[in-house]
Amino acid sequence: MIRYYSTNRNLNPSGGIRPFRGKVTFAEALLRGQAPDEGLFMPDAIPGLTISQILSLRGKAYHDAAFLVADAFLGNDIDSESLRSIVEDSYPFGVPLEKVYGRKYIMRLDQGPTASFKDFAARMMARFMSRFKGKDRRLNVLVATSGDTGSAVGEAFKGVEGIDVCILYPRNEVSGRQKKQLDTIGQNVRAISVDGKFDDCQNMVKEAFSDPGLAHLNFTSANSINFGRILPQIVYYVYAYAQLARQGGEEMIVSVPSGNFGNALGCEYARRMGLPVKMLAMPTNENDEFPRYLKSGRYEAVSPSRACLSNAMNVGHPSNLARFFDIYGGTVDRKGVVHRLPDLEEMRKNIFSVSVSDEATRYTIKAVYDRYGTVLEPHGAVGWRGLEAWIDEFGDFPLCVSLETAHPAKFPDEITELLGIVPEIPESMRGLDQRHGEPVELPSDYVVFRDYLAGTLEV
Ligand SMILES: *Cc1c(COP(=O)(O)O)cnc(C)c1O
């Protein structure tokens, strides 16, 4: 059985840090989210897949790939029948692989209910939580959001048995469309509109987590560092390869537009499971701490982070960097302090990274549309530009896949300004304006929030 350890286990026990040196099961890693020493949970073994197992997925449904990968990790934690129903329920939508030219592809991860790749991870994690919490226990998920993550998490948990969700958002800091998405999820998902800022929402959530008077409510967080959100992100790399490879063993280059590095980490694990990935490109926007690190060997977080067009990647110290460092033998903590250096040469062999400016992002959106008719939004454009940068430096390579992580219709103004077209609205975003739902309105006041939770939530 695979167990999970903390990325902080090797720190010196000083300065208030008490490194967690134990290991936990998948269920515990999932329900706790973070290790007790604030490190991130890591699997103590990575299961292998053979090329013929991978190629057997050719022409199969996406959920078959999800089953193969998840079963390799969790075969001893969950029975096949339950796992099968979790993956089928998680992925009732497709994963288009769109040819740009030759054998260069865009993988569109934007067909889920909130039109970003975060749906992939959030949906499977929600169902894992429902399964692993135990039959008689209820869970309450609390999340603070400044926009997209909240709706992905809310939609993912909608209708999931035994779990209720409260999403707090800052009343005046979300767009009209985002507010509509959050307010109209319904069922077991409550939207709470707070008269305050994102930080106020986050503080109210944090206080509730540590309030002994609310401990009976079994709170859990669904944040992006949960290993339960990494595991589902291994799947689409395996799926893409199975559909596109000409013969077993052929190598592939993958480009992943990166912010907190959770998505790219999925590809790093896929490679270690046996997927023939020649190079993992991890382009960032102008938050360039990682490409600078790869070049110089000196890590320096960008603080405060820079506001770029690809706004979901405005991260100055990626939370999953701790996992990348750990995989390569190093340790970096939550604040960005490096305690042990990873094997930089090995990293450079496997990972390529460049920083893509907003100007280059805009140029890429326009050039790719003019040349190939492919519509990209800003995140996907950073991904594609990262792939081009690799090809510029090292020469052409037959099979390449670049990820599109959000639907262009989420960025209508940019697309219309650059391309002179109105992006087509995906199925999931249609009818949003006709949907109705009212949020709970609360002041930015912890005591009011606590009384609301205590009086409304089921145990
Ligand atoms: C979150 C997000 C990213 C960044 O993914 P990480 O896993 O944080 O690197 C990229 N694009 C979009 C659209 C996102 O929502």
Side-chain angles (χ1 to χ4, degrees), residues 62-63 66 89-96 107-129 141-160 163 165-170 173-193 198 201 221-224 226 228-229 232-233 235-236 257 259-260 262-263 266 310-314 375-380 403-412 414-415 423-437 439:
Y62 184 79
H63 62 73
D89 197 35
S90 296
Y91 301 116
F93 47 84
V95 181
M107 176 155 55
R108 294 203 181 267
L109 302 173
D110 59 5
Q111 304 292 298
T114 68
S116 94
F117 89 98
K118 292 200 171 61
D119 288 327
F120 282 79
R123 291 179 64 80
M124 197 142 115
M125 180 176 70
R127 283 153 188 79
F128 280 147
M129 280 189 170
V141 172
L142 292 186
V143 249
T145 185
S146 52
D148 285 345
T149 303
S151 50
V153 168
E155 284 288 346
F157 279 95
K158 178 162 92 178
V160 170
I163 302 185
V165 181
C166 290
I167 305 171
L168 281 73
Y169 67 84
E173 287 180 12
V174 299
S175 71
R177 181 164 272 177
Q178 284 174 327
K179 179 176 157 49
K180 196 80 174 176
Q181 273 184 323
L182 291 162
D183 291 347
T184 59
I185 298 170
Q187 295 186 34
N188 55 329
V189 181
R190 292 180 175 84
I192 301 179
S193 160
F198 172 64
C201 298
S221 81
N223 62 24
S224 61
N226 197 310
R229 272 179 69 168
Q233 293 177 171
V235 177
Y236 30 78
N260 265 319
N263 199 2
S310 46
N311 54 12
M313 301 178 354
N314 292 338
V375 182
L376 298 175
E377 54 70 62
H379 304 82
L403 270 51
E404 179 48 289
T405 49
H407 196 283
K410 288 190 126 178
F411 298 85
E414 283 298 333
I415 303 296
E424 203 176 318
I425 307 259
E427 187 69 35
S428 63
M429 287 169 69
R430 277 179 215 150
L432 188 62
D433 295 338
Q434 282 78 49
R435 280 184 359 207
H436 293 287

Leu403 side chain reached by Pro257 side chain, heavy atoms, under 4.5 Å | yes

Of all residues at least two apart in sequence or in a different chain, which pass the side chain to side chain contact (heavy atoms under 4.5 Å, CB included) check with Thr149?
-> Lys118, Thr145, Val153, Arg229

Side-chain (Lys179) to main-chain (Pro439) donor-acceptor, under 3.5 angstrom = no

Indicate the atoms forming the closest heavy-atom contact of Asp89 with Pro92, along with that distance.
-> O-CD, 3.8 Å

Any donor-acceptor pair under 3.5 Å linking the side chain of Gln181 with the backbone of Gln178?
-> no

Go through the structure and list residues passing salt bridge (Lys or Arg N to Asp or Glu O under 4.0 Å) with Lys180, not counting sequence neighbours.
-> none

Closest heavy-atom contact between Pro426 and Ala409?
-> CD-CB, 3.7 Å

Residues at least two apart in sequence or cross-chain that pass side chain to side chain contact (heavy atoms under 4.5 Å, CB included) with Glu173, listed by chain then number, are Pro170, Lys197, Phe198

Which side-chain N or O atoms in residues 428-435 pair as donor and acceptor under 3.5 Å with protein atoms at least two apart or in another chain?
{"from": "Ser428", "atom 1": "OG", "to": "Gly112", "atom 2": "O", "distance (Å)": "3.4"}
{"from": "Arg430", "atom 1": "NE", "to": "Ile425", "atom 2": "O", "distance (Å)": "3.2"}
{"from": "Arg430", "atom 1": "NH1", "to": "Glu427", "atom 2": "OE1", "distance (Å)": "3.3"}
{"from": "Arg430", "atom 1": "NH2", "to": "Ile425", "atom 2": "O", "distance (Å)": "3.0"}
{"from": "Arg435", "atom 1": "NE", "to": "Thr184", "atom 2": "OG1", "distance (Å)": "3.1"}
{"from": "Arg435", "atom 1": "NH2", "to": "Thr184", "atom 2": "OG1", "distance (Å)": "3.0"}

Angle class for the Phe120/Tyr236 ring planes (parallel below 30°, perpendicular above 60°, tilted otherwise)?
-> perpendicular

So CE of Met124 and CG of Asp119: to nearest 0.5 Å the spacing works out to 14.0 Å

Determine the minimum heavy-atom distance between Ser90 and Arg127, stating which atoms define it.
-> OG-CD, 3.3 Å

Return a table of donor-acceptor pairs under 3.5 angstrom between the side chains of residues 185-192 and protein atoms on other chains or two or more places apart.
{"from": "Asn188", "atom 1": "OD1", "to": "Gly159", "atom 2": "N", "distance (Å)": "2.8"}
{"from": "Asn188", "atom 1": "ND2", "to": "Phe157", "atom 2": "O", "distance (Å)": "2.9"}
{"from": "Asn188", "atom 1": "ND2", "to": "Ile163", "atom 2": "O", "distance (Å)": "2.8"}
{"from": "Arg190", "atom 1": "NE", "to": "Tyr452", "atom 2": "OH", "distance (Å)": "3.4"}

Distance (rounded to the nearest 0.5 Å) between Glu155 CD and Leu182 CG = 9.5 Å

Mind checking what makes side chain to side chain contact (heavy atoms under 4.5 Å, CB included) contact with Asn311, not counting sequence neighbours?
-> Asn314, His379, Phe411

Rounded distance (nearest 0.5 Å) linking atom CG of Leu376 with atom CD of Glu414 | 13.0 Å

Specify the closest pair of heavy atoms between Val143 and Val165, including all atoms of both residues, with the distance to one decimal.
-> CG2-CG1, 4.3 Å

Between the side chain of Glu404 and the main-chain N/O of Glu377, is any donor-acceptor distance below 3.5 Å?
-> yes

Can you list the steps and then say if Gln111 with Tyr62 is a side-chain contact (heavy atoms from CB on, under 4.5 Å)?
-> CA-CA 12 Å; Gln111 304 292 298; Tyr62 184 79; over 6 Å; no

Whether Gln233 side chain and Gly262 backbone form a donor-acceptor pair below 3.5 Å | yes

Applying ring-ring contact (aromatic ring centres under 6.0 Å, His included), name anything that partners Tyr169, two or more places apart in sequence or on another chain.
-> none

Residues in side chain to side chain donor-acceptor pair (under 3.5 Å) contact with Thr405, at least two apart in sequence or another chain | none

Looking at residues at least two apart in the chain, or sitting in another chain, which of them share a side chain to side chain contact (heavy atoms under 4.5 Å, CB included) with Asp110?
-> Arg108, His407, Pro408

